[in-house]
Asker: 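Below is a structure I'd like to ask you about.
Letters A, B, ... mirror the listed sequences (proteins, then strands); counts begin at 1. Basis for what follows: all heavy atoms, side chains included, without hydrogens, waters or symmetry-related copies.
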Amino acid sequence: MQLIADQQFLDQIQAMRDKIFRITKRMLVSQEEAEDATQDVIVKLWSLGSEKRDRYKSMEAYTVTMAKNYCLDRLKSKQAQVLSFDDSIRVPKTLSLQKEIELTDELNWVTQLIDQLPEKEKMIIQLREIEHYDFDQIATILEIPEGTVRVYLSRIRKKLRKQFLEIQNHGL
Amino acid sequence: MDYKEIKHLLDLYLEGNTNLSEEENLRLFFKSTKELPPEWESFRSFFGYYDQAKLERYPQEITKRKSLFRPWMAAASLVAIVLSLQFYSSSLNALSTDQMDAQIAFDQFKDNMKKVSSLLNKGAKQVSYLDYWNETTQKLIK
């Protein structure tokens, strides 16, 4: 019985792994960190044991929530590290000159615009536009009401479009 | 789908009021339509980016922590060893006059010491009889 449960878990995880990787990479940006994060999330899930895992209504939503929390923890501790070295450090939100030069086509503009979104907004874009989760799944994962998800999403879509048009009209 | 319908869907989209299948329709429209009103070009870029982003996969072979060792380093270290050996042996051949004098003095000293030590050994051979003497006296004492 245990073996069957384990095999089921492996199948489920196989299907989830790419998603976890994309989501953690969106949040952590670095490829290597996202790979580590994906591994860690899978190990954590595994260590829950099959009984506990089966208790969750949606294993997928639970897994993504776990990945999200993992990333937020990582980002928080990173930020804390930076601040302990120099409290005055403020990461500038404007694009660096080097990157401006590299921006040649419009897909790159989009990449840059999404990269500079705050974590929560990045996550919403990833979950809706790339992973195609519906609103109540996103609400569960982010632990906010469904209506709030819609409001956020609308705000982000408008903001991204506005920024994109600004680049198009005036350059960076 | 005609443009009016698309326009309506896009308005809903920006308000966060489209469902997943409506968004899928928009995605397909921007993917398949070449000529677009210029004000819609931005949507094409966004949907295009999202499509592409969904293709990203977890690397099949887990990229190992990048090891600092590279094959060219093996070659480089081999070259370094050969060069340093060559340098070492050539520096041995080319002795300065000071070093030559020192070498001669050292050789002479070594010869002398050899003579001394061979004589010492001769003496030691004689002394080794004493062991024999010890043995026999012990037998007598018993």
Side-chain angles (χ1 to χ4, degrees), chain A residues 13-26 31-32 34-39 42 105-114 124-126 128-135 137-138 146-169, chain B residues 1 3-70 73:
Chain A
I13 276 305
Q14 203 65 23
M16 280 297 299
R17 204 179 49 178
D18 293 333
K19 269 185 204 178
I20 303 173
F21 176 66
R22 286 194 295 263
I23 289 165
T24 52
K25 193 175 172 194
R26 174 71 59 204
Q31 168 96 9
E32 237 175 63
E35 283 175 30
D36 288 350
T38 308
Q39 296 274 7
I42 291 173
D105 64 275
E106 297 174 357
L107 275 189
N108 278 339
W109 296 353
V110 176
T111 312
Q112 290 285 318
L113 289 177
I114 291 173
I124 290 178
I125 286 294
Q126 181 72 25
R128 179 64 177 193
E129 308 285 34
I130 298 165
E131 309 300 342
H132 307 320
Y133 285 119
D134 53 36
F135 287 118
Q137 277 173 306
I138 298 174
E146 218 180 295
T148 313
V149 177
R150 284 178 193 272
V151 171
Y152 263 118
L153 189 63
S154 165
R155 207 186 294 164
I156 304 164
R157 281 172 175 166
K158 283 179 187 167
K159 178 168 84 177
L160 286 175
R161 177 168 153 78
K162 187 171 157 253
Q163 288 174 335
F164 186 94
L165 294 178
E166 274 168 18
I167 297 174
Q168 209 173 30
N169 292 335
Chain B
M1 234 191 289
Y3 280 53
K4 223 178 184 176
E5 223 172 320
I6 295 291
K7 171 89 181 71
H8 178 63
L9 271 186
L10 282 177
D11 289 342
L12 289 177
Y13 173 79
L14 285 177
E15 293 305 321
N17 286 328
T18 38
N19 61 33
L20 284 174
S21 72
E22 285 166 334
E23 285 170 25
E24 183 62 25
N25 285 338
L26 284 174
R27 211 178 308 281
L28 290 175
F29 170 80
F30 284 106
K31 210 175 176 179
S32 58
T33 313
K34 281 209 175 113
E35 291 298 313
L36 284 179
E39 69 268 25
W40 287 359
E41 277 296 342
S42 68
F43 289 111
R44 199 216 294 277
S45 299
F46 280 106
F47 282 118
Y49 173 83
Y50 298 143
D51 269 353
Q52 217 179 39
K54 197 168 171 57
L55 296 178
E56 180 148 27
R57 295 278 175 269
Y58 184 83
Q60 270 308 306
E61 227 167 279
I62 297 155
T63 49
K64 299 233 170 70
R65 288 249 161 279
K66 272 164 205 143
S67 141
L68 287 174
F69 185 79
R70 299 276 181 285
M73 284 183 183

Asker: Would A/W109 and B/S45 count as a side chain to side chain contact (heavy atoms under 4.5 Å, CB included) if you check the C-alpha gap in whole Å, the side-chain angles of each, and the deciding distance to 0.1 Å?
Answerer: CA-CA 9 Å; A/W109 296 353; B/S45 299; over 6 Å; no

Asker: Is there a side-chain contact between A/Q168 and B/E41 (heavy atoms, below 4.5 Å)?
Answerer: yes

Asker: Most heavy-atom pairs under 4.5 angstrom with chain B, which of A/K19, A/H132, A/R150?
Answerer: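 Among the listed options, the one with the most contacts to chain B is A/H132.
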
Asker: Taking the six-membered ring of B/Y13, is NZ or CZ of A/R157 closer than 6.0 Å to its centre and within 45° of its axis?
Answerer: yes

Asker: Between B/A53 and A/I130, what is the shortest heavy-atom contact and its length?
Answerer: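 Smallest interatomic distance, heavy atoms only, reads CB-CD1, 3.6 Å.
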
Asker: Only pairs of heavy atoms separated by less than 4.5 Å count here; which of A/T111, A/I156, A/V110 has the most with chain B?
Answerer: A/V110

Asker: State which residue, out of A/R17, A/R22, A/K25, A/R26, fulfils the salt bridge (charged side-chain N to carboxylate O under 4.0 Å, His left out) condition with B/E56.
Answerer: A/K25

Asker: Side chain, backbone, both or neither: which part of A/L165 has a heavy atom under 4.5 Å from chain B?
Answerer: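 The side chain, not the backbone.
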
Asker: Within the structure provided, determine whether A/Q31 and B/P59 are in side-chain contact (heavy-atom separation under 4.5 Å).
Answerer: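 Contact flag for A/Q31/B/P59 side chains = yes.
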
Asker: Is any side-chain heavy atom of A/E129 closer than 4.5 Å to one of B/K54?
Answerer: no

Asker: Quick one: what part of B/S21 sits under 4.5 Å from any heavy atom of chain A, side chain, backbone, both or neither?
Answerer: neither

Asker: Let me confirm one number: the OH-CZ distance from B/Y49 to A/F164, rounded to the nearest 0.5 Å.
Answerer: 13.0 Å

Asker: Side chain from CB out, backbone as N, CA, C, O: work out which of these in A/Y152 comes under 4.5 Å of a heavy atom of chain B, or both, or neither.
Answerer: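 It is neither, since no heavy atom gets under 4.5 Å.
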
Asker: Give the minimum heavy-atom separation between A/S154 and B/G16, together with the two atoms involved.
Answerer: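 Nearest heavy atoms, A/S154 then B/G16: CB-N, 3.8 Å.
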
Asker: Please classify the contact between B/E15 and chain A as side chain, backbone, both or neither, with a heavy-atom cut-off of under 4.5 Å.
Answerer: both

Asker: Do other residues, nucleotides or ligands put more than 12 heavy atoms under 6.0 Å from the NZ atom of A/K159?
Answerer: yes

Asker: Is chain A contacted by the side chain of B/D51, its backbone, both, or neither, given a heavy-atom distance below 4.5 Å?
Answerer: neither

Asker: Are B/Y58 and A/Q39 close enough that a side-chain donor and a side-chain acceptor fall under 3.5 Å?
Answerer: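 There is such a pair (donor and acceptor under 3.5 Å, judged by atom type) between the side chains of B/Y58 and A/Q39.
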
Asker: Of the backbone (N, CA, C, O) and the side chain (C-beta and beyond), which part of B/R27 lies under 4.5 Å from a heavy atom of chain A, both, or neither?
Answerer: side chain

Asker: Which distance, rounded to the nearest 0.5 Å, do you find between the OH of A/Y133 and the CG of B/L20?
Answerer: 11.5 Å

Asker: Side chain, backbone, both or neither: which part of A/Q126 has a heavy atom under 4.5 Å from chain B?
Answerer: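 Nothing of A/Q126, per the 4.5 Å heavy-atom cut-off to chain B.
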
Asker: NZ of A/K158: more than 12 outside heavy atoms within 6.0 angstrom?
Answerer: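 Counting neighbours around NZ of A/K158, more than 12 heavy atoms of other residues, nucleotides or ligands fall under 6.0 Å, so yes.
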
Asker: Heavy-atom cut-off 4.5 Å, strictly under: side chain, backbone, both or neither for A/I20 against chain B?
Answerer: neither

Asker: Do B/Y50 and A/I114 have side chains that get closer than 4.5 Å, going by heavy atoms?
Answerer: yes

